Amino acid sequence: MIDPDTKAGWVPEADEIDEEEEMPLSLRLSIADTLTLGNATCGFMAVYFTTTGILIPDLMGSQESGMARNSAATAVILMLCAAVFDLFDGLVARKLRSSPMGAELDNLSDLISFGLAPAYFVLVYGMVAEGAYQRVAAVGAIVVLLAVVLRLARFSCVTVKDGTFQGMPSPFGALTVVSIVLLELPFVATLLAILGTAWLMVSRVEYPKPRGRLAVAMLSWIVVGMGMMAAWAFDAPSGQLLLQTGCALQLVMGAVIPLFATARRVNNFRGNRREARAAQLP
C-alpha cells in the first residue's frame, strides 16, 4: 500500500497483524479429548506390561510366576482404567464442548485399548499357557482385533436409535475376552468363548448405552474388578476365588444381555403384529 503523504510504501501497524496465527479449531484439544488420550495411553501400557511381565519372562525360561501374575493383573487393571476414561470422555463431551476430532480420537483410542490390547493378551496366552496352541491362539487374537475394527467402523457409519449400541460395545467385549482368558478354561472352550464374544461385537444385538444409573453401575463394576485383580495379584486370601467369581460374572452378563435384548425384540415384533391384525379387523 502507498502512503498518500510520503508516496512511500508502508505496512500495517503491528496491532493490525496477528503475528501468531490462531490455532485452528480442529487442533484444539478439549477436556474430553484429554480423557480419550488417557484411554489410549492405558491401552498401550497394557501391551507393555503383557510383553515385559508375561511374554519375555516365559521366553527366557523364568520360573517367577508371581511376576507374571502381577504383570497380568496390571495389564488388565490398565484396560479397566481405559474403560473408565472411555466412559467419562463421553459424559464430559455431552456436558462440555468437544473438538471436531473427538470422534476420531475416540475410535483410535478404543482400537488400541479394546482391540489391540485384548487381542495381544490372547496371543500371549496362546504362547505361555500349558496345552495351548500358538497358531490357533493367533487366529483367535486376529478375530478379536478385526471384530473391534469392524465394530468401530460400523459405529461411525451406521445410525441407530438413541440410547443403544448395535453389537457388544468394544470395552465390554475386551473385558469379556480377558475374563475368558483369566478363567483358565480348557483351550478349546476358551477359544470358542472368545470367538463367540467377537461375533457379539459385530452382531446386531442391541446394547443399552451407559447413561445415568447404568453408567454408575458400570463404573462400580469396574472398580470392583480392579479390587479383585489387585487381590489376585498380591495373592490375598481367597484372591483366586474372587478373580474366578468376577470373571464368571462378566461372562454371564455377556451372555444374558443378548438374550434379554433378543427376547425384547421378539416381544416387540409380536406386539406390532397383534396391533396390525387388530387394525385390519372391521
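Every value quoted in this text rests on a predicted model; they were computed, and no experiment measured them.
Judged by distance alone, with hydrogens and angles left aside, the side-chain atoms of Asp33 form a donor-acceptor pair with the main-chain N or O of Ser30 at under 3.5 Å.
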Just do the side chain to side chain donor-acceptor pair (under 3.5 Å) check on Asp89 and Asn39 with the steps written out, would you? CA-CA 9 Å; Asp89 69 2; Asn39 171 6; 5.0 Å; no
Could you walk me through whether Leu37 and Phe85 satisfy the side-chain contact (heavy atoms from CB on, under 4.5 Å) test, starting with their C-alpha distance in whole Å, then the side-chain angles of each, then the deciding distance to 0.1 Å, before giving a yes or no? CA-CA 9 Å; Leu37 294 178; Phe85 279 118; over 6 Å; no
Should Met45 and Phe49 be marked as a side-chain contact (heavy atoms from CB on, under 4.5 Å) after you check the CA-CA gap, both sets of side-chain angles, and the distance that decides it? CA-CA 6 Å; Met45 293 306 296; Phe49 278 100; 3.9 Å; yes
Test Tyr133 against Leu191 for side-chain contact (heavy atoms from CB on, under 4.5 Å), laying out the working first. CA-CA 10 Å; Tyr133 299 90; Leu191 183 64; over 6 Å; no
For a side-chain contact (heavy atoms from CB on, under 4.5 Å) check, start with the C-alpha distance between Leu219 and Phe88, then their side-chain angles and the critical distance, and finish with the verdict. CA-CA 10 Å; Leu219 180 61; Phe88 277 102; 3.8 Å; yes
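If you take CD on Glu184 and CD on Gln244, they are separated by 7.5 Å, rounding to the nearest 0.5 Å. Here the CZ atom belonging to Arg135 is positioned 13.0 Å from the CG atom belonging to Leu123, to the nearest 0.5 angstrom. How far CE of Met201 is from CZ of Phe172: 11.0 Å, rounded to the nearest 0.5 Å. Between the CG atom of Asp86 and the CE atom of Met79 there is a distance of 14.5 Å, given to the nearest 0.5 Å. Rounding to the nearest 0.5 angstrom, the gap separating the OG1 atom in Thr51 from the CG atom in Leu59 is 10.0 Å. Distance check: Asp235 CG to Arg69 CZ gives 5.0 Å after rounding to the nearest 0.5 Å.
With contacts defined as side-chain heavy-atom distances shorter than 4.5 Å, the pair Leu249/Trp221 qualifies. A 4.5 Å side-chain heavy-atom check between Val205 and Met168 finds every atom pair outside the cut-off. Taking the side chain as every heavy atom from C-beta outward, Leu116 and Leu111 never approach each other to under 4.5 Å. Here the side chains of Thr50 and Leu55 are not in contact, with every heavy-atom distance at 4.5 Å or above. Looking only at side-chain heavy atoms (C-beta outward), Glu206 and Gln166 stay at 4.5 Å or farther from each other. You'll find the side chain of Val76 reaches within 4.5 Å of the side chain of Phe121, heavy atoms only.
For the pair Leu200 and Gly254, the tightest heavy-atom approach, listed with the atom from each and the gap, is CD1-O, 3.7 Å. Looking at every heavy atom in both residues, Cys42 comes nearest to Cys81 through SG-CB, 3.8 Å. Shown here for Ser71 and Gly53, the closest heavy-atom pair between the two residues is OG-CA, 3.0 Å. Taking all atoms of both residues into account, the shortest heavy-atom contact from Leu182 to Cys247 is CB-SG, 3.8 Å. Ser109 and Thr36 get closest at one heavy-atom pair: OG-O, 3.1 Å. The nearest pair of heavy atoms linking Gly140 to Ile194 is O-CG2, 4.3 Å.
The hydrophobic clustering, which links ILVMFWY residues whose side-chain heavy atoms are closer than 4.5 Å, places Val177 and Leu146 apart. Following chains of ILVMFWY side-chain contacts shorter than 4.5 Å, one can reach Phe44 starting from Leu78, so the two form part of one hydrophobic cluster. Leu87 and Phe114 fall into different hydrophobic clusters, where Ile, Leu, Val, Met, Phe, Trp and Tyr are joined by side-chain heavy atoms under 4.5 Å apart, directly or via other members. Hydrophobic clustering of Ile, Leu, Val, Met, Phe, Trp and Tyr side chains at less than 4.5 Å, counting indirect connections, unites Trp199 with Val149. The hydrophobic cluster containing Leu243 also contains Ile222, counting ILVMFWY residues as joined when their side-chain heavy atoms lie under 4.5 angstrom apart, directly or transitively.
In this structure, Phe187 and Tyr125 have parallel ring planes: the angle between them is below the 30° cut-off, well short of the 60° mark.
With a 6.0 Å radius and a threshold of 12 heavy atoms from other residues, nucleotides or ligands, Ile31 has its CD1 atom at or below the threshold. Crowding of Phe155 atom CZ: a count of heavy atoms from other residues, nucleotides or ligands under 6.0 Å not exceeding 12. Counting heavy atoms of neighbouring residues, nucleotides and ligands inside a 6.0 Å radius, atom CD of Gln240 exceeds 12 of them. Other residues, nucleotides and ligands place no more than 12 heavy atoms under 6.0 Å from the OH atom of Tyr48.
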